[in-house]
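Letters A, B, ... are given to chains in the order of the sequence lines, protein chains preceding strands, and every chain is numbered from 1. The structure presented is a predicted model; accordingly, all values stated were derived computationally and were not measured.
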Amino acid sequence: MRRTFLFSLWVIPAFLLFSCSEKKDAAKDTAALPDSLKYKGATLNILCWEGYADEKFTKAFAEKYGVTVKGTYFGSSDELVSKLQGGGGASYDIISPSCDVASYIVDAGLVQPIDPTKISEFNNLSELLRNMSDVKRGNDIYGMPFTWGPDYLVYNADEIKEEPKSWNIFFDPKYKGKISVWDDISNIYLMGQILGMDKADKSALYNMNDDQLKQAKEKLMKLKPQIRKFWATAGELDNLFKNKEVVAAVGWPLTPATLNKQGMNIKSTIPQEGATGWIDRLMITKNSPNKELAMLYLDYISKPENMAKVAEVTTYSIANPRAKEFMSAELQELTYINNMTYYHERLNFWQYVKERKKYNELWNEVKSGVQ
Amino acid sequence: MRATLFQYAFGTNQKLNMTTVYSTRAKILLLAPMFTWLTAFLLLPYFFIFIQSFLQSDAFGNVVYSFTAESYIKIFSNKLYYFTLFKTLLMSCFVAVLCVIISLPLCYFIAFKVQSESRKTMLYTLIVLPFWVSYIVRAYSWKIILGQFGILNGFLTYTGLISEPLSFILYSDFATIICLVYIFTPFVAIPIYTAFEQIPKSLVEASKDLGAGSWTTFSRVIIPLALPGIISGATFALVLTMGDFLAPVLLGGPNTLFISNIVQNLFGTSNDKPLGSALGIVILALIVIVLEVSTYFEKKYSSFKS
């Protein structure tokens with residue numbers, strides 16, 4: 001969902017054309033063969049966010065087992081779910097859902113449990129990420145953490161000299177018409193966080209009752225006069241900062257990174273109320289024709305040297321802190337690999353919102369201004 | 001040149017009116033591609049949307065096949081939907097009127113004041129020229145013009161008319177309307193110009209011979225004769241604005257929300273396809289009504305009906 005701005009939509013039809021045709025079960029009758037021959041000729045299909053099946057890190061795996069790794073990109077969480085439910089489950093082996101739909105996908109029975117003992121690095125992955133309960137059912141674990149990121153307060157340090165301690169800076173009359181937030185229901189989560197709804201239970205932000213929704217709406221209506229523009233793409237937010245239209249916003253890590261390269265002084269922070277964030281996990285589909293191969297891929301991709309390549313390609317933060325030694329100092333800084341625990345403790349990772357329609361309607365009401 | 005094109009298009013030139021030459025079978029063959037196209041990409045989708053508007057969706061947007069009018073009830077009971085629809089219609093009327101106000105003097109000048117044919121063609125081409133650039137680029141360029149440190153604010157500050165850059169001009173309903181007027185003015189200008197061109201110059205001369213001044217000639221001879229063109233132009237702008245969602249996204253402020261933005265959201269993140277379809281049908285019905293009314297008036301005021 002968060003990367004809808006990536007122009008992945010037009011890539012999909014091209015990939016679909018290819019990925020539909022080959023469905024070989026390479027593992028059949030070959031149990032006795034060594035791994036290097038067993039899967040020869042098979043195709044591992046990955047349905048993922050753009051960049052998550054890049055040749056730069058899939059190539060070595062493909063060569064090792066003599067298989068083809070094919071990435072198909074989706075542009076939003078909704079697209080992923082509708083693809084899986086539309087019978088695509090058997091065409092793909094691995095998917096990369098974000099945490100806003102992860103638990104739904106598990107509950108809908110679209111994926112199968114993974115075997116952590118077959119992932120050599122599993123216990124080295126960030127403890128907080130791998131222990132999250134939304135993809136655990138009893139003793140079964142349904143996903144391996146892959147990448148993550150915060151939605152934090154980004155501000156122009158030339159205009160706001162002191163690091164903001166609280167999200168309340170968004171409501172400061174001094175910055176009227178100088179604030180920007182994402183055009184998305186995630187603002188409802190943020191208002192809940194500012195109002196302290198998640199203090200006792202982090203999932204409260206995603207399961208607000210009518211009264212809480214009303215409070216969030218009131219808060220959003222108060223925020224509205226402060227807003228210059230709801231940004232639709234990360235690129236748009238970059239431009240808002242560059243043209244000095246805004247001084248503070250909810251943003252993603254890439255915004256300060258991009259702008260500071262252009263000589264600006266943009267900083268980011270997680271205020272005392274905390275911030276929301278996202279994790280993408282790798283999961284194996286229920287009807288995957290290549291389950292064993294998919295497990296081998298999970299083992300392969302979680303290795304430090306490969307995770308480092310993932311970070312390099314996507315610039316997202318990754319789940320294995322041991323990848324650090326394979327990353328440049330700049331990349332380490334960009335992906336917070338040194339402060340992972342610090343961030344994870346203060347982030348409230350998105351969860352599946354059952355009342356999606358209600359949240360969206362509320363967001364539209366805020367935009368239209370009707371009470 | 002324009003006159004002959006017009007005659008060609010409407011078959012008033014007998015030499016070009018060749019309908020009698022073709023047999024019925026040939027007619028069917030000639031129409032088949034367009035008919036297939038319209039059926040596959042217009043009628044069937046409409047039909048599908050219509051059916052879908054009476055269905056329901058579950059928590060994750062899977063369409064549930066049970067008949068209900070819930071979506072329609074929601075549209076007419078929740079202020080969000082009917083108010084936004086009303087506001088969009090109002091904005092569309094406003095855009096249409098502005099487009100007409102800009103187009104009238106422009107087209108009058110080209111049609112009646114410019115003498116040389118080649119200059120006329122050149123000016124006409126200038127009106128059409130913006131079509132060569134994609135919509136998104138043109139809409140985006142308004143950001144550069146209207147921004148806090150944009151061209152307009154820069155000019156106003158430089159000339160000392162204002163001391164602080166005006167921030168309300170970008171990211172507001174105002175910016176959205178400016179952009180839409182700019183983009184849809186050619187759609188309005190073309191039919192108005194065509195209508196002006198059709199008016200026999202002798203009528204204008206007759207009016208002046210009978211002692212009418214320029215204004216009287218314009219308001220009592222030219223405008224009534226060009227009214228069908230004006231109506232059809234205004235309808236273009238109105239209908240196109242009703243369906244626009246890009247300008248509000250690019251240039252609108254926190255308060256700008258057009259009905260198409262809601263439709264986009266319903267088919268996107270909210271994943272409520274039945275409600276989105278119902279909204280689509282309501283907009284469609286509204287536009288059909290607008291078109292019907294406009295056609296009625298176009299016919300009523302048409303003085304050149306043979």
Please work out whether the ring planes of [X] and [Y] are parallel, tilted or perpendicular, with thresholds of 30° and 60°.
X: A:Trp252; Y: A:Trp182; result: perpendicular
X: B:Phe168; Y: B:Phe174; result: tilted
X: A:Tyr352; Y: A:Tyr104; result: tilted

Select one option (side chain, backbone, both, neither) describing which atoms of [X] are under 4.5 Å from chain A's heavy atoms.
X: B:Phe258; result: neither
X: B:Asn265; result: side chain
X: B:Lys143; result: side chain
X: B:Leu80; result: both
X: B:Tyr171; result: both
X: B:Asn261; result: neither

Could you tell me whether A:Tyr206 and A:Phe349 have their ring centroids closer than 6.0 angstrom?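 No, the ring of A:Tyr206 stays outside the 6.0 Å limit from the ring of A:Phe349, centre to centre.
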
Measure distances from [X] to the heavy atoms of chain B and classify the residue's part below 4.5 Å as side chain, backbone, both or neither.
X: A:Lys242; result: neither
X: A:Glu355; result: neither
X: A:Asn364; result: both
X: A:Leu223; result: neither

Side-chain H-bond candidate by donor/acceptor type, A:Asn239 with B:Tyr140, under 3.5 Å: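 B:Tyr140 and A:Asn239 do have a side-chain donor-acceptor pair below 3.5 Å.
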
Set out, in order, the CA-CA distance, both residues' side-chain angles and the distance that settles side chain to side chain contact (heavy atoms under 4.5 Å, CB included) for B:Lys273 and B:Leu55, then state yes or no. CA-CA 9 Å; B:Lys273 293 182 188 108; B:Leu55 302 177; over 6 Å; no

Which heavy-atom pair separates B:Glu70 from B:Thr68 by the least distance, and what is that distance? N-OG1, 2.9 Å

